[in-house]
*Asks:* 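Encoded as structure tokens, here's the structure I'll be asking about.
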Amino acid sequence: MKILITGGAGFIGAALAGAMAARGDHVVIVDNFNDYYDPQLKRDRLSAMLCDQPYTLYKADIRDSKKMLRIFTKEQPDSVMHLAAMAGVRNSISDPLLYEETNVRGTLNLLEAARRTGVTNFVYASSSSVYGANTKQPFSESDMTDAPMCPYAATKKATELLAYTYTSLYSIPTTGLRFFTVYGPWGRPDMGVFKFVANIVDGKTIDIYNNGNMRRNFTYIDDIVSGIITCIDATLPSANIMNIGGDRDEALMDYIAAVEKHANKRAKKNMMPMQQGDVQSTVADIRKLRKLGWKPTTRIDKGVQNFVAWYQSYYHTPQRTRRTTTRRTKH
């Protein structure tokens, strides 16, 4: 198939692009390479994930509705995987207008482009944050999502509502994937799971919120990618929502202990109260996705081992060579 991936230079996007190109799909990437974190990491991701696989790259912003329509019209993708977004709880509290503009209006621009060009499969990234103040565990797709705890969560809920509307009005099949704490090599430096690895390896202090009393379904990047591909390939009900997360409820302190083990260093811990907008526990009910034949296979010890090894190699290898992928078309 021809698949258009927004945010294709991001953590999940680049890994997905590499996997789909490797199996023979025609990959079209849209990314604006913003400076929310180091754009060089994004370029290096593409180089590593796609290697010598051909792909088409557009440096473009999803907030530009006219450019999105031009790209969709030219490329005529069979499927869309919409991953581009402003992410993160704390930053959404400090800059909510940017989050609304990118996540809500940007998604609307893509849905409009999909409607006008006849896209037949629109899959998009939602987030476990939409469950907000829910106390029932594990989170099920049918649970209430009307109490978001931060603007980021509210914008992700808004994208689900927009997708439902476009399915209802225009019969565009849409699937929203609620991701649960994704980690692994080539991760996003702003995420807590990345900061724990970076700061422990580098001998710096880590901030641990809620005094470490946190639980998550840590989900390794390879499992996320296989889950996304399962959903892209499946024939699903219209306006579908799926949880995609690890199959074990893990304590945050166990994740930190695994980093200490594989970094061979004790963490310098700064125990702190709960941060504004965060929640104590996000645990996924993944039975819907399991019914499609998917299951996560990477246990946290192995995933963290891979993550630490990548971090040490990428950031501590002297004069590392940055390679640029050559077999691509750039616009």
Side-chain angles (χ1 to χ4, degrees), residues 3 5-7 12-13 16 62 79-87 89 92 99 103-104 106-108 110-112 114-115 119-182 216-217 219 223-247 249 279 281-296:
I3 182 163
I5 303 173
T6 71
I12 298 174
L16 176 65
I62 62 171
S79 295
V80 171
M81 181 64 226
H82 172 35
L83 290 160
M86 289 301 301
V89 170
S92 75
Y99 277 67
N103 298 356
V104 181
T107 299
L108 185 57
L110 295 169
L111 285 166
E112 266 295 284
R115 174 184 73 83
V119 170
T120 57
N121 188 24
F122 191 99
V123 186
Y124 62 96
S126 185
S127 169
S128 60
S129 66
V130 301
Y131 291 109
N134 254 328
T135 57
K136 171 184 166 291
Q137 299 279 342
F139 295 145
S140 172
E141 293 89 348
S142 60
D143 289 344
M144 183 273 292
T145 55
D146 295 332
M149 300 292 287
C150 65
Y152 169 65
T155 64
K156 285 300 184 179
K157 174 64 176 178
T159 64
E160 293 184 359
L161 295 173
L162 285 169
Y164 182 89
T165 301
Y166 270 69
T167 296
S168 299
L169 289 174
Y170 308 115
S171 300
I172 300 173
T174 59
T175 301
L177 303 180
R178 292 174 177 169
F179 295 124
F180 282 73
T181 314
V182 188
R216 295 289 187 267
N217 275 131
T219 318
D223 291 328
I224 285 288
V225 168
S226 67
I228 293 172
I229 292 175
T230 296
C231 291
I232 290 171
D233 289 347
T235 301
L236 298 172
S238 296
N240 199 27
I241 296 290
M242 307 281 280
N243 286 338
I244 177 168
D247 61 352
D249 172 15
V279 295
S281 179
T282 58
V283 181
D285 180 341
I286 57 173
R287 285 178 291 180
K288 280 184 70 174
L289 190 48
R290 278 186 177 277
K291 289 178 180 178
L292 299 179
W294 173 84
K295 65 177 181 179

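Side chains are part of it too, since the values below use all heavy atoms of this structure and drop only hydrogens, waters and symmetry mates. These numbers come from a predicted model, not from an experiment.
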*Asks:* I'd like to check Thr6 versus Met81 (side-chain heavy atoms, cut-off strictly below 4.5 Å). Are they in contact?
*Replies:*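 A side-chain contact is absent here, since even the closest heavy-atom pair is not under 4.5 Å.
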*Asks:* Which residue pairs pass the salt bridge (charged side-chain N to carboxylate O under 4.0 Å, His left out) test with at least one member in residues 162-177, sequence neighbours excluded?
*Replies:* none
*Asks:* Does any part of the side chain of Val104, heavy atoms only, come nearer than 4.5 Å to the side chain of Leu162, both counted from C-beta?
*Replies:*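 Leu162 vs Val104: side chains touch.
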*Asks:* Can you list every pair that meets salt bridge (charged side-chain N to carboxylate O under 4.0 Å, His left out) and has a residue in residues 224-236, with sequence neighbours left out?
*Replies:* Arg23-Asp233
*Asks:* Among residues at least two apart in sequence or on other chains, which ones pass side chain to side chain donor-acceptor pair (under 3.5 Å) with Asn134?
*Replies:* none
*Asks:* I'd like to check Ile286 versus Asp247 (side-chain heavy atoms, cut-off strictly below 4.5 Å). Are they in contact?
*Replies:*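 Counting from C-beta outward, Ile286 and Asp247 do come under 4.5 Å.
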*Asks:* With sequence neighbours left out, what residues match Asp285 under salt bridge (charged side-chain N to carboxylate O under 4.0 Å, His left out)?
*Replies:*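 Here the qualifying residues are Arg287.
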*Asks:* Between Asp249 and Arg216, does at least one N-O distance fall below 4.0 Å, as a salt bridge requires?
*Replies:*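 Salt bridge: no.
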*Asks:* Out of curiosity, Arg115 CZ to Leu108 CG, how far, rounded to the nearest 0.5 Å?
*Replies:*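 Spacing of CZ (Arg115) from CG (Leu108) equals 10.0 Å.
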*Asks:* If the condition is side-chain contact (heavy atoms from CB on, under 4.5 Å), which residues does Asn121 pass it with, not counting sequence neighbours?
*Replies:* Ser79, Val123, Ile232
*Asks:* Taking side chain to side chain donor-acceptor pair (under 3.5 Å) as the test, write out the residues that go with Lys136, two or more places apart.
*Replies:*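 Scan of Lys136 (side chain to side chain donor-acceptor pair (under 3.5 Å), adjacent residues dropped) gives Asp143.
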*Asks:* What's the separation between atom CG in Asn240 and atom OG1 in Thr167, rounded to the nearest 0.5 Å?
*Replies:* 9.5 Å
*Asks:* List the steps and the verdict of side chain to side chain contact (heavy atoms under 4.5 Å, CB included) for Thr107 and Tyr124.
*Replies:* CA-CA 9 Å; Thr107 299; Tyr124 62 96; 5.8 Å; no
*Asks:* With sequence neighbours left out, what residues match Ser142 under side chain to side chain donor-acceptor pair (under 3.5 Å)?
*Replies:* Ser140
*Asks:* Got Arg178 and Met242 here, is their nearest side-chain heavy-atom distance under 4.5 Å?
*Replies:*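 The answer is no; the side chains never approach within 4.5 Å.
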*Asks:* So which atom in Tyr99 and which in Ala87 form the shortest heavy-atom distance, rounded to 0.1 Å?
*Replies:*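 Residues Tyr99 and Ala87, closest heavy atoms: OH-O, 2.5 Å.
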*Asks:* Taking the side chain as C-beta and beyond, is there a heavy-atom pair between Thr174 and Tyr164 under 4.5 Å?
*Replies:*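 In short, these two side chains do not touch, never coming nearer than 4.5 Å.
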*Asks:* List in chain and number order the residues that pass ring pair (Phe, Tyr, Trp, His ring centres under 6.0 Å) with Phe139, two or more places apart in sequence or in another chain; answer none if no residue qualifies.
*Replies:*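 By the ring pair (Phe, Tyr, Trp, His ring centres under 6.0 Å) rule, Phe139 matches Tyr131.
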*Asks:* List the steps, then state whether side chain to side chain contact (heavy atoms under 4.5 Å, CB included) holds for Leu289 with Asn243.
*Replies:* CA-CA 7 Å; Leu289 190 48; Asn243 286 338; over 6 Å; no
*Asks:* Could you tell me the separation between the CG atom of Asn217 and the CD1 atom of Ile244, rounded to the nearest 0.5 Å?
*Replies:* 11.5 Å
*Asks:* With heavy-atom distances below 4.5 Å as the criterion, would you say the side chains of Phe179 and Ile224 are in contact?
*Replies:*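 Yes, side chains in contact.
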*Asks:* Mind running side chain to side chain contact (heavy atoms under 4.5 Å, CB included) on Ile3 and Val80 for me, showing each step along the way?
*Replies:* CA-CA 6 Å; Ile3 182 163; Val80 171; over 6 Å; no
*Asks:* Among residues at least two apart in sequence or on other chains, which ones pass ring pair (Phe, Tyr, Trp, His ring centres under 6.0 Å) with Tyr166?
*Replies:*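 Residues passing ring pair (Phe, Tyr, Trp, His ring centres under 6.0 Å) with Tyr166: Tyr170.
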*Asks:* Distance-only criterion, 3.5 Å: show the donor-acceptor pairs between side-chain atoms of residues 147-158 and protein atoms not counting sequence neighbours.
*Replies:*
unit_1 : atom_1 : unit_2 : atom_2 : d
Thr155 : OG1    : Asn103 : ND2    : 3.1
Thr155 : OG1    : Tyr152 : O      : 2.7
Lys156 : NZ     : Ala125 : O      : 2.9
Lys157 : NZ     : Thr145 : OG1    : 2.6

*Asks:* Is a side-chain donor or acceptor of Glu141 paired with a backbone partner of Lys288 at a separation under 3.5 angstrom?
*Replies:*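 Between the backbone of Lys288 and the side chain of Glu141 there is no qualifying donor-acceptor contact (under 3.5 Å).
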*Asks:* Report the residues that fulfil side chain to side chain donor-acceptor pair (under 3.5 Å) with Ser126, sequence neighbours left out, ordered by chain and then residue number.
*Replies:* Glu160
*Asks:* Could you pull out the closest heavy-atom pair between Phe180 and Gly245, with the gap in Å?
*Replies:* CB-CA, 3.9 Å
*Asks:* Looking only at the side chains, is there a donor atom on one of Ser128 and Thr282 sitting less than 3.5 Å from an acceptor on the other?
*Replies:* no
*Asks:* Does a side-chain heavy-atom distance below 4.5 Å link Ile62 with Leu110?
*Replies:*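 Contact flag for Ile62/Leu110 side chains = yes.
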*Asks:* I need the full list of salt bridge (charged side-chain N to carboxylate O under 4.0 Å, His left out) pairs touching residues 121-134, with sequence neighbours left out, sorted by first then second residue.
*Replies:* none
*Asks:* Is there a side-chain contact between Pro173 and Leu236, using heavy atoms and a 4.5 Å cut-off?
*Replies:* no
*Asks:* Quick check: does any side chain N or O of Trp294 sit under 3.5 Å from a backbone N or O of Ile228, one acting as donor and the other as acceptor?
*Replies:* no
